[in-house]
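Okay, structure first, notes after.
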Amino acid sequence: MAQADARLRVRKQDGVVHVEFVDRNILDEANIQQIGEEISSLIDSESAPRLVISFSNVDHLSSAALGTLITIHNRMKAKKGQLRLANIDPQIYEVFVITKLNKLFDIHDSTEQAFASFR
Amino acid sequence: MAGGQPRARSNAKVSLLNEPDSIRAVEREILEAASTHGYPEAAQFAIRLALEEAVFNAFRHGHKHLPDEPVLVDWTVSRGSVRIVVEDRGPGFTPDAVPDPTHEDRLELPHGRGVMLMKAYMTQVEYNDRGNRVTMVYQKPQDD
């Protein structure tokens, strides 16, 4: 993985791509767009990708960020990939509940649990 | 408070350009005022989210064809409530016509959640008839 992206930390472990956000606040439209593009290129580089997105550094997000996550979800689905979200702060998780996106995404309490769910 | 006056400014009218630094500055000032007036973290999360959604909508939709025009943000923080008015110069929209984004058929659509989040997190959200100005109020819970 030769990723040196500003907005994401990416590593690959046991065939699973693990993505973490650098920004605590994934809000700015430019940031969101860049995050979406970076993750999309990761998805495109894998066949049947397995991806864990960890929110451990994130303390705020917006509907635009949710939109990007949905686009990622749809892209993963098209590639028959598997997407997990993990480490979501309770306040942010509430946003997923209000929007009912907790039903769309496979959300795990910890990154370890998200990784274990692939086994 | 022991009779002291809060130091942060409690209200302002700001003409805001679509620049992340300017938007963040207004957001910071409102949240500082809210913090000074004793709004808990959950309230600040709610106010911040609603403000960002309203400003994002104003620029993204209201000023779709007016990219260099400013959006007006008029805010007041008091002990009991936070009131934020966001007005754009666009043609407006009909908020009631925005379909329910939580409907099963719409869950995979990447847009259309801003207004619903504003309504979910603020005590009151009202649009003017033209639909280019939203007034949002957050009422501080009595037991805080």
Side-chain angles (χ1 to χ4, degrees), chain A residues 6-7 22-37 39-40 43 53 55 58-83 85 88-107, chain B residues 16-28 30-31 39-61 63-64 67 71 86 95 98-122 125:
Chain A
R7 306 269 68 92
V22 172
D23 304 279
R24 294 174 63 77
N25 176 6
I26 47 173
L27 276 170
D28 290 348
E29 207 177 349
N31 279 3
I32 292 164
Q33 197 179 342
Q34 190 182 341
I35 286 167
E37 286 167 6
I39 296 180
S40 293
I43 296 168
I53 301 179
F55 286 71
V58 178
D59 65 6
H60 208 80
L61 89 175
S62 64
S63 66
L66 292 176
T68 294
L69 287 172
I70 292 166
T71 301
I72 290 164
H73 165 271
N74 294 345
R75 214 170 177 122
M76 289 290 284
K77 197 171 158 186
K79 287 205 77 172
K80 301 196 186 316
Q82 296 178 69
L83 173 65
L85 308 186
I88 300 180
D89 170 273
Q91 267 182 336
I92 292 181
Y93 183 71
E94 196 185 343
V95 178
F96 281 82
V97 172
I98 288 169
T99 53
K100 296 194 180 168
L101 289 175
N102 58 326
K103 293 180 178 177
L104 186 69
F105 291 106
D106 192 343
I107 299 175
Chain B
L16 197 60
L17 291 171
N18 194 6
E19 295 164 351
D21 288 347
S22 314
I23 297 168
R24 265 194 231 110
V26 173
E27 177 184 306
R28 214 166 23 237
I30 295 174
L31 293 179
Y39 286 76
E41 199 199 325
Q44 293 181 44
F45 182 90
I47 293 161
R48 181 179 176 187
L49 184 61
L51 171 67
E52 281 160 354
E53 297 299 340
V55 170
F56 179 84
N57 277 351
F59 284 118
R60 166 59 76 90
H61 302 295
H63 287 190
K64 188 176 178 183
V71 160
V86 177
V98 177
D100 177 6
T102 66
H103 192 277
E104 207 170 310
D105 294 343
R106 305 191 69 81
L107 271 189
E108 292 190 349
L109 296 180
H111 49 76
R113 291 174 179 81
V115 174
M116 136 180 234
L117 285 173
M118 287 153 58
K119 287 180 176 169
Y121 278 93
M122 298 300 271
V125 176

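We name chains A, B, ... by the order of the sequence lines, and we start the count at 1 in each one.
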Next item on the list: Tell me, yes or no, whether the heavy-atom count around A:K103 atom NZ, taken from other residues, nucleotides or ligands under 6.0 Å, exceeds 12.
Entry: no
For a quick test of your reading: what N or O donor-acceptor pairs under 3.5 Å do the side chains of residues 113-121 of chain B make, sequence neighbours left out?
from, atom 1, to, atom 2, distance (Å)
B:R113, NH1, B:L109, O, 2.7
B:R113, NH2, B:L107, O, 2.9
B:R113, NH2, B:L109, O, 3.1

Notebook entry, point to check: Got a donor-acceptor contact below 3.5 angstrom from the B:E108 side chain to the A:N74 backbone?
Noted result: no
Next item on the list: Pick one of side chain, backbone, both or neither for B:A42, based on which atoms fall under 4.5 Å of a heavy atom in chain A.
Entry: both
Margin query: Less than 4.5 Å to any heavy atom of chain A: does that hold for the side chain of B:E41, its backbone, both, or neither?
Written below: both
Next item on the list: Looking only at non-hydrogen atoms, find the nearest pair between B:P110 and A:T71 and report the distance.
Entry: CB-OG1, 3.6 Å
Next item on the list: First locate atom OG1 of A:T99, then atom CZ of B:R106, and finally report the distance between them rounded to the nearest 0.5 Å.
Entry: 14.0 Å
Next item on the list: Apply side chain to side chain contact (heavy atoms under 4.5 Å, CB included) to A:I92 and B:F45, showing your working.
Entry: CA-CA 9 Å; A:I92 292 181; B:F45 182 90; 4.2 Å; yes
